[in-house]
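The block underneath contains the structure these notes are about, expressed in structure tokens.
Values in this document were obtained by computation on a predicted structure and should not be read as measured data. All ligand and atom numbering here is 1-based and tracks the order in the structure.
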Amino acid sequence: NDVPVFAPAMSPQEGARAATALFREVFEAEPDGVWYAPGRVNIIGEHTDYNGGLALPIALPHRAHLALRRRDDRIVRLVSPQTREKVDVMDLDTIGPKGTPGEVAHWAAYIAGVAWALERDGFDNLPGFDAALVSCVPLGGGLSSSAALECSAAVAIDEVAGLGLAGTPEEPDDAGRARLVTNCVRTENEMAGAPTGGMDQSASLRCREGHALELDCRDGSVAHVPFDLAAEGLALLVIDTKAKHSLDDGQYGARRAACERAAQILGVELLADISAEDLPDALERLAASATGQGAADAEELVKRTRHVVTEIDRTRKLVELLQDGRPLRGEKLAAAGELMDASHESLRVDYECTCPELDVAVEAARAAGAHGARMTGGGFGGSAIALVDGDAVHDVAAAVAESYKREGFNPPAFLDAVPAAPAGRLV
Ligand code: ADP
Ligand code: MG
């Protein structure tokens with residue numbers, strides 16, 4: 001019988017043990033420590049980050065664990081369970097952005113790239129390091145396995161090189177972490193060549209356990225919004241569609257470029273400058289901007305802008321509901337679910353970044369009793385989320401798995417998403 005498959009998070013102890021064991025096996029030495037950084041899932045506020053809007057991610061209990069030891073030279077050596085036969089070796093003096101002679105292959109770019117970015121941010125002459133990576137963040141599932149890599153490297157380098165940016169897990173230095181975020185984003189953009197905004201890295205470095213992170217992507221300011229679903233008798237089911245998504249095949253860049261064109265036509269710096277009240281007027285101006293055969297282009301700008309502005313408004317409304325205090329029940333719960341549902345519709349119809357696997361997951365979850373469901377992350381595959389009763393997690397998952405089977409899709413995987421702690425040191 002088809003039991004839905006859940007991807008469990010490694011416990012901190014398991015993660016530390018596995019990363020340390022791999023480090024000892026490959027480098028025949030003791031690491032200086034083990035650092036970790038979580039993947040994230042966004043509750044609402046999609047494709048708003050690069051528009052200067054709001055997002056509301058939580059950190060997942062699924063993490064990248066990095067056992068790392070400082071070196072006295074400028075060499076970086078990296079290994080993961082998948083690459084233990086062939087250790088990646090790089091030199092901090094010669095690595096460079098993607099598309100240059102110093103470009104770094106594959107996942108090593110996300111780790112060594114952080115040192116490269118920090119050096120460009122004024123931290124000269126960083127030490128090299130040996131590191132072993134063990135991650136349980138599903139790869140390419142829209143749950144930000146890439147940011148988990150960058151942020152684990154950021155907190156590790158911060159400590160072994162004495163940069164003093166991250167603070168301690170008990171007393172995180174939020175301003176210092178915001179600076180690490182900037183460097184991790186630069187790593188992803190330039191070293192890995194993925195033009196993503198800052199939501200993923202902010203979530204991984206700046207979230208709080210039991211809370212969602214209200215992130216204002218214009219100025220990087222944050223607020224911690226209570227999101228203790230278990231205490232409310234609720235749960236957040238993540239559905240990893242396993243459908244292939246690729247943010248660097250041009251779709252993501254095309255959405256970003258459309259937003260920039262729309263902002264330019266409207267005479268604003270970022271689409272977040274358009275308020276919900278000003279939206280009808282702004283859409284009229286975009287529609288009128290069509291010249292010659294540009295009608296299709298104008299229609300595209302109208303749709304993209306409508307998504308971004310309404311999504312920021314929905315995010316603000318969900319934050320208000322959550323800040324309003326417990327319990328999240330009755331009308332309040334229904335309203336939260338409706339905001340999530342509306343977000344998905346907007347992403348499907350106006351932003352056109354869902355796919356059949358995401359739409360089927362969302363519909364099946366709703367039909368099985370989810371209070372609200374939506375795609376999350378960049379889209380074009382990746383994951384969806386469903387807000388469900390705490391005792392309904394497995395039933396909703398089974399219903400989604402069943403609908404996938406009916407559609408002839410590959411089986412999805414599931415995660416139970418609990419708002420977890422931000423990046424830090426384990427041992
Ligand atoms: P997402 O961040 O949503 O998981 P991305 O495409 O942004 O998807 O990042 C996936 C990439 O991150 C992979 O292609 C790989 O280069 C790197 N990566 C993430 N986790 C690991 C891992 N555990 N081992 C090796 N590479 C990883
Ligand atoms: Mg990513």
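Taking the centre of each ring, H211 and F227 stay at or above the 6.0 Å mark. Ring centroids of H47 and Y252 are separated by less than 6.0 Å, placing the two rings close together.
Summarising the contacts of atom 14 (O) of ligand 1 with V137, L139, T196, I111, the nearest heavy atom is found in L139. Which of S146, A194, S145 comes nearest to atom 4 (O) of ligand 1 through a heavy atom is settled by distance: it is S145.
Not counting sequence neighbours, R256 has no partner by the side chain to side chain donor-acceptor pair (under 3.5 Å) test.
Heavy-atom separations between S144 and ligand 1 include at least one value shorter than 4.0 Å. At least one heavy atom of G141 sits closer than 4.0 Å to an atom of ligand 1.
Within the 4.0 Å heavy-atom criterion, the part of L143 lying near ligand 1 is the backbone and not the side chain. If you look at S80 next to ligand 1, there are no close heavy atoms at all, none under 4.0 Å.
Using a cut-off of 2.8 Å, one finds that S146 contributes an N/O/S atom close to the Mg ion (ligand 2).
Residues C355 and F380 share a closest heavy-atom pair of SG-C, 4.1 Å.
Sorted by first then second residue, the salt bridge (Lys or Arg N to Asp or Glu O under 4.0 Å) pairs that include residues 15-31, not counting sequence neighbours, are R24-E30, E25-R84.
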